[in-house]
Amino acid sequence: MERTLILAKPDAVQRGLVGNIINRFERKGLKLIGIKMLSVDDEMLDEHYSHLTDKPFYDDIKNFMKSSPVVAMAWEGYECTASVRVIVGATNPREADAGTIRGDFAIGQGRNLIHASDSAENGEKEVSRFFSDEELLSYDKSEYIHVYEHKERSGDGRDS
Ligand code: UDP
Ligand code: MG
């Protein structure tokens, strides 16, 4: 099972869309294994957005991300990082498909509501950046038998 990080950004908190965002991943069948509200600081942002620090718009992103708290969530699921990115939609909300979170609720590129890890490797890294081991919960989800085939939930290749 992969682990992936979602941040409901300050615009999602301010616009009251956090519950809606959580619901999108719950109804997909993903398992919520950690959640907290926090204010992000420069150090965290420079690490989290290290691929953007030399961009002209980076200061705007940083100021925006510090403008109010964010809600960080760690989700777990089979190949869930790619599935989550599909639900989140394109970075530019004006190009995001209808039905995606960004496509349905956002229009400005710097106000696209949500961060989602872009690869399984980054998912692991980002979950560890935002959550300590103690903040991540391990538990059985009873619905898994109806969400996954046996081979997907167990990884042993068996069909049923
Ligand atoms: N961003 C922006 N202008 C750009 C590109 C990115 O404001 O031209 C912001 C946008 O909010 C985006 C974030 O920087 O969500 C991180 O960029 P990335 O390319 O990682 O996009 P994402 O993974 O969030 O889709
Ligand atoms: Mg990204």
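All ligand and atom numbering here is 1-based and tracks the order in the structure.
Listed by chain and number, residues touching ligand 1 at under 4.0 Å (heavy atoms only) are Lys9, Tyr49, His51, Leu52, Phe57, Ile61, Arg85, Thr91, Arg102, Gln109, Gly110, Asn112.
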For residues 83-91, run the donor-acceptor check on the side chains, cut-off 3.5 Å, and write out each pair with its distance to 0.1 Å, sequence neighbours left out.
unit_1, atom_1, unit_2, atom_2, d
Arg85, NH1, Ala116, O, 2.8

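Among residues at least two apart or in separate chains, side-chain hydrogen bond (donor to acceptor under 3.5 Å, both in side chains) pairs with a member in residues 92-114 are Lys9-Asn112.
Using a 4.0 Å cut-off between a side-chain N of Lys or Arg and a carboxylate O of Asp or Glu, Arg3 and Glu124 qualify as a salt bridge.
Using a distance-only test at 3.5 Å, with no hydrogens or angles considered, no donor-acceptor pair links the side chain of Glu2 to the main chain of Ala120.
The ring pair (Phe, Tyr, Trp, His ring centres under 6.0 Å) check on Phe64 picks up nothing, with sequence neighbours excluded.
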*Show your reasoning for whether side chain to side chain contact (heavy atoms under 4.5 Å, CB included) applies to Leu32 and Glu26.*
CA-CA 8 Å; Leu32 184 62; Glu26 281 187 316; 5.5 Å; no
